[in-house]
2 protein chains.
Amino acid sequence: MAETLWREIETALKAEIASGRYQPGEKLPTEAALARRFGVNRHTARRALAAMAEAGLILTRRGSGAFVAFRPATYPLGRRTRFHQGLSEAGRSPKKEILRLETLPAGKREAEALGLAPGDLVHVWEGVGLADGAPLSYFRAAFPAARLPGLKEGLAETRSVTAALAREGVADYVRVSTRLSAERARPFEARHLRLAEGAPLLLSVSVNATPGGEPVEYGRTWFAGDRVVLEVAAG
Amino acid sequence: MAETLWREIETALKAEIASGRYQPGEKLPTEAALARRFGVNRHTARRALAAMAEAGLILTRRGSGAFVAFRPATYPLGRRTRFHQGLSEAGRSPKKEILRLETLPAGKREAEALGLAPGDLVHVWEGVGLADGAPLSYFRAAFPAARLPGLKEGLAETRSVTAALAREGVADYVRVSTRLSAERARPFEARHLRLAEGAPLLLSVSVNATPGGEPVEYGRTWFAGDRVVLEVAAG
DNA sequence: GTAGATTTGTGCGTATGTATC
DNA sequence: AGATACATACGCACAAATCTA
């Protein structure tokens, strides 16, 4: 045989997932069952599952099983993109799940990006962006608290950066800079994005400012690389 | 024990790499030697190496050994960015290694992006972008051959898209669209980028056109996620 | 250039730990 | 509490790629 055993098993299982034999979220057979079915040692079946987990196709939970992961989406990125807006236009139904919302002293990078002194307060907002029930992104945003005293309450009520900023008198804002790189999912992100550890993430670090140039948000977003495509607008 | 054996070994080796005990490009001890040193089975040492390889910290070559990987760089991305230009400004010394340069019928996506009919000819240019000796990107670009008959020779001589297009009468061009996502390195890319299979890549798919809107290049570039940060220009 | 030694990759078998059901 | 299922770890054997004398 040209291929190794575990790769053959991986190929077979991938094909079955692609064919719909196993649906997203569905549990795969146990390692023991797969080993019996393919006539191999359990370790060999495990090797195939490990590769699929590493590729983000499935995720495994100790004591529970291996489950088929979710599917991709696209998401435009430009100077004036908004998360909700972009996904709505792509025909998805976006939601935000808020994990944290509180006022804290700014971190070093946050202070620098927002033009604050060390120790100045920022509103920190963390959460998960979802579409059609599947998590697409994990975000952490910081807003200068002194300039935007009521923003925390606005975010809690509206769950929208645009709406909350409007209440604070910031009628418009634009992306000043965006830096992109690829990272592997750490346990924390993997859990919230329902991905396997090590899955490829697209990290976006951006600064939003008023048209006058006053920074109002420093945000980092980790997108599930398999589920999202960012599009840089033409201009 | 709080941690697993293989994680302890991984932590120890990472610390030694971080401390400079092992330099980038340097070979680590053999699996057998590591197993002896840490008093574990070879498989356990292998598990630690596999995790580090998966994280892109080292890369392994069968029959040869495990080698410490290279480190990051930054690279700006905008409407008018050029690869060479961006890296020069970042204080790096960029180079291109050309792997392929020939004229072929356009692929489906290439034809669509360039506004060609199926079967029309394109110049295909593939290669690796390097800085300071470390590979940063693998690229494949397609140019419409009918519109740019002498481009292939221009690319071979100048090794520069901008210069070769200028010879063909295209004095200026801009990025029309850029789509970004994160992928895992396949064996092919891993080899050319000197990364491990599965390492996170930043995939950029872009179309360049003349100011008049005539598409002149359809390019895909896979950046080593650990070595490159793309920056989306403010305007 | 080649034969042999070295080194990583694959596979099986067994045992035990740990989280989940 | 017991059964189930994934995770870790050891040991042995051989294959495949590489390096070296």
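Each chain gets a letter, A, B and so on, in the order the sequences are listed, and its residues count up from 1.
- Distance E10(A) CD to dG9(C) C1': 15 Å, rounded to the nearest Å.
- Remark: V40(A), N41(A), H43(A), T44(A) in residues 35-47 of chain A come within less than 4.0 Å of DNA chain C through at least one heavy atom.
- Under a 4.0 Å N-O distance rule, the pair R21(B)/E16(B) does not qualify as a salt bridge.
- The pair E110(A)-R140(A) counts as a salt bridge, with a side-chain nitrogen and a carboxylate oxygen less than 4.0 angstrom apart.
- Remark: dA21(D) base-pairs with dT2(C). Criterion, Watson-Crick or G-U wobble with two distances under 3.5 Å.
- Proximity of a side-chain donor or acceptor of T158(B) to a complementary backbone N or O of G154(B) within less than 3.5 Å is detected.
- Side-chain atoms of E126(A) and Y138(A) include a donor-acceptor pair closer than 3.5 Å.
- Put simply, CZ on F67(B) is 12 Å from C1' on dA17(D), counting in whole angstrom units.
- Side-chain N or O atoms of R159(B) include one that pairs as donor or acceptor with a backbone N or O of K96(B) at under 3.5 Å.
- A straight line from CZ of R61(A) to C1' of dT20(C) spans 9 Å, rounded to a whole angstrom.
- Between the CG atom of L34(B) and the C1' atom of dG9(C) there is a distance of 16 Å, given to the nearest Å.
- Atom pair E31(B):CD and dG11(D):C1' shows a separation of 15 Å (rounding to whole Å applied).
- Contact between the side-chain N/O atoms of S64(B) and the OP1/OP2 oxygens of dC19(D) is found at a separation under 4.0 Å.
- The distance from atom CZ of R62(B) to atom C1' of dT6(C) is 14 Å, rounded to the nearest whole Å.
- Distance alone, capped at 3.5 Å, places no donor-acceptor pair between the H123(B) side chain and the A141(B) backbone.
- Residue T4(B) has no polar side-chain atom (N or O) positioned under 4.0 Å from OP1 or OP2 of dA7(D).
- Between E112(A) and K108(A), none of the side-chain N atoms (NZ, or NE/NH1/NH2) sits under 4.0 Å from a carboxylate O, so this pair counts as no salt bridge.
- Rounded to whole Å, atom P of dG17(C) lies 19 Å from atom CD of E3(B).
- Following rounding to the nearest Å, L49(A) (CG) and dA7(D) (C1') show an atom-to-atom distance of 13 Å.
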